[in-house]
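We number each residue from 1, following the sequence as shown. Keep in mind the model is a prediction, meaning the values are calculated, not measured. Any value given below was found using the heavy atoms of this structure, including those in side chains, with hydrogens, waters and symmetry copies removed.
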Amino acid sequence: MSKLSLFAALLALATTCAAQDSTVGFATLQPGTLLNAQASVIAKVVQDHSKLQVRVIGYGGDAPILDAVNTQKADFFLLDIGEPAEAQRGENVWKGNPKPNLRVALTLYGFQMAFWVRKDSPVRSIADLKGKHVPTEWVQQTSVITHMNALLAAGGVTLKDIKPVPTVNVIRASEDFKSGKIDLFFFAVGAPKVQEIAASVGGLRVLPMDVFPDSESRMKKIRPEYYFSTVNPAPHIAGIDQPTKVQTIDFIVGVGTHVKDEVVREFIKAVHTNKADLVLGHPNFNAYDPSHSGKVQPRLAYHPAAEMYWKETGLR
């Protein structure tokens, strides 16, 4: 009996240690992007408030992020809702190449994006981009294709109106902008890379997006989840000196269907109940409203464990 009891105790200890040492892969973009910075903050918060260990994995674009989670090479991901929703359903650029194992774990807040030009650029609006060198194709980061097309549409411009310059992802395009190969770059508001580029080119200016009464509806025709939200001037945001409307889409923590229920639950509970720690890590988390964490996303379902958690907390 003593040997049996000892075995049981050792087994329980091993199980506890295994739970404490559970490591999950959190897929995001490369260092220097807003997504990477915020994924790192989320990872720390989850580690501080759960038994999970989180390994942040940087990829060159949305396509490898979603593929990694769909094929179980990573467990969670950080992106806007549009791309994973379309990837899961095999729509638009994902036609014939669906990623059926993607789900939502938690909705964070509106993810803000913008067009940036040099402070002394003659380009004053999106309409002025006609005939200018604009990044295109986005081989590794296909989600930017839709973002770009929607913003151009908001300003009454199409790809036929510009001089296309093929690129790979937002990091490469920002370097091309710095070297003068292109006349604008597209990036997330508040990203460290934007500050870096601003310092290297003598300052930046964001292009206004709501120049027409129907600019937002033009943008929504490209992807209905898009909307405008206002960015206020802040020390960590380059190129904005007055309240400015920018392209916005809900920002989510996604998860693979292969991830165990208890892991999903631990992860989202740590994020949902520790906003203050998120804000300490990055000011953009001030926009996170925990009461909206279980917001229904019409084109992408929640992981069953997340669905149950949000119902239990009264947020669904």
Side-chain angles (χ1 to χ4, degrees), residues 24-29 34-35 38-39 41-43 45-46 50 52 54 56-57 59 62-92 94 98-113 142-143 146-147 188 223-227 248-275 278 284-285 287-316:
V24 295
F26 195 14
T28 183
L29 294 177
L34 180 63
L35 288 181
Q38 295 191 332
V41 172
I42 291 172
V45 170
V46 171
S50 78
L52 299 174
V54 185
V56 176
I57 311 169
Y59 290 92
D62 302 61
I65 288 173
L66 297 179
D67 185 61
V69 175
N70 188 67
T71 58
Q72 303 184 25
K73 294 175 183 175
D75 304 296
F76 294 87
F77 64 88
L78 198 61
L79 283 176
D80 72 68
I81 184 62
E83 203 66 15
E86 292 179 356
Q88 196 272 337
R89 299 157 70 95
E91 297 177 352
N92 292 335
W94 300 95
K99 307 296 177 186
N101 302 319
L102 306 177
R103 297 292 185 272
V104 182
L106 177 147
T107 296
L108 284 166
Y109 57 85
F111 183 46
Q112 297 174 315
M113 301 158 283
T142 54
S143 67
T146 308
H147 296 331
R223 178 177 275 164
E225 290 90 350
Y226 289 133
Y227 57 96
T248 311
I249 191 168
D250 282 342
F251 192 24
I252 67 161
V253 174
V255 63
T257 54
H258 67 279
V259 182
K260 294 180 179 180
D261 289 0
E262 58 269 26
V263 173
V264 174
R265 191 179 184 88
E266 275 200 67
F267 193 106
I268 62 177
K269 183 179 180 181
V271 177
H272 172 232
T273 57
N274 291 285
K275 176 180 175 176
L278 293 170
N284 277 23
F285 284 112
Y288 173 47
D289 183 347
S291 68
H292 294 166
S293 300
K295 177 183 176 180
V296 174
Q297 297 295 347
R299 297 198 298 169
L300 186 61
Y302 277 77
H303 188 286
E307 182 76 25
M308 182 173 294
Y309 178 84
W310 301 126
K311 286 181 178 178
E312 289 174 357
T313 53
L315 300 182
R316 289 297 296 273

(message) Ignoring hydrogens, what is the shortest heavy-atom contact between Ile252 and Ile81? Give both atom names and the distance.
(response) CD1-CD1, 3.9 Å
(request) Give the minimum heavy-atom separation between Pro84 and Leu102, together with the two atoms involved. (result) O-CD1, 4.0 Å
(request) State, yes or no, whether a side-chain contact exists between Val253 and Ile268 at a heavy-atom distance under 4.5 Å. (result) no
(message) Once rounded to the nearest 0.5 Å, what's the spacing between atom OG of Ser143 and atom CD1 of Ile65?
(response) 8.0 Å
(message) If you compare all heavy atoms of Ile57 against all heavy atoms of Ala74, which two are closest, and at what distance to 0.1 Å?
(response) CD1-CB, 4.4 Å
(request) With the side chain counted from C-beta on, respond yes when Met113 and Ile249 share a heavy-atom pair under 4.5 Å apart, and no when they do not. (result) yes
(message) Nearest 0.5 angstrom please: Leu106 CG to His303 NE2, how far?
(response) 13.5 Å
(message) Do His258 and Asp75 make a side-chain contact, defined as non-hydrogen atoms from C-beta onward lying under 4.5 Å apart?
(response) yes
(request) Considering non-hydrogen atoms only, spot the tightest contact between Gln88 and Pro100 and give its length. (result) NE2-O, 3.5 Å
(message) Ignoring hydrogens and geometry beyond distance, is a side-chain donor-acceptor pair present between Trp94 and Glu83 at under 3.5 Å?
(response) yes
(message) Once rounded to the nearest 0.5 Å, what's the spacing between atom CD of Glu91 and atom CZ of Arg299?
(response) 5.5 Å
(request) For residues Asp250 and His292, determine if any side-chain heavy atom of one lies less than 4.5 Å from a side-chain heavy atom of the other. (result) no
(message) For the CZ atom of Arg223 and the OG1 atom of Thr146, what is their distance to the nearest 0.5 Å?
(response) 4.5 Å
(request) Would you kindly say whether Tyr302 and Thr107 are connected by a side-chain donor-acceptor distance under 3.5 Å? (result) yes
(request) Check the angle between the aromatic planes of Tyr309 and His272 and answer parallel, tilted or perpendicular using the 30° and 60° thresholds. (result) perpendicular
(request) Enter the distance from Ser50:OG to Phe267:CZ here, rounded to the nearest 0.5 Å. (result) 8.5 Å
(request) Over all heavy atoms of both residues, which pair between Tyr227 and Gly110 is shortest? Give the atoms and the distance, please. (result) OH-CA, 3.4 Å
(request) Measure the spacing between CG of Leu35 and CZ of Phe251 and express it to the nearest 0.5 Å. (result) 4.5 Å
(message) Using only atom types and a distance under 3.5 Å, with no angle test, would you say the side chain of Thr28 pairs donor to acceptor with the backbone of Leu78?
(response) no
(message) Keeping Arg316 on the side-chain end and Gly294 on the backbone end, is there a donor-acceptor pair under 3.5 Å?
(response) yes
(message) How close do Val255 and Phe76 get, counting heavy atoms only, and between which atoms?
(response) CG2-CE2, 3.6 Å
(message) Test your reading of the model: is there a side-chain donor-acceptor pair from Asn70 to the backbone of Leu66, 3.5 Å cut-off?
(response) no
(message) Just so I know, are the side chains of Leu79 and Phe111 near enough to count as touching, which here means a heavy-atom distance under 4.5 Å?
(response) no
(message) Would you say that Asn92 contacts Thr142 through its side chain, given a criterion of any heavy-atom pair below 4.5 Å between the two side chains?
(response) no
(message) With a 4.5 Å cut-off on side-chain heavy atoms, are Phe285 and Gln38 touching?
(response) yes
(message) If you count every heavy atom of other residues, nucleotides or ligands that lies below 6.0 Å from Lys269 atom NZ, does the total exceed 12?
(response) no
(message) Do Val24 and Val46 make a side-chain contact, defined as non-hydrogen atoms from C-beta onward lying under 4.5 Å apart?
(response) no
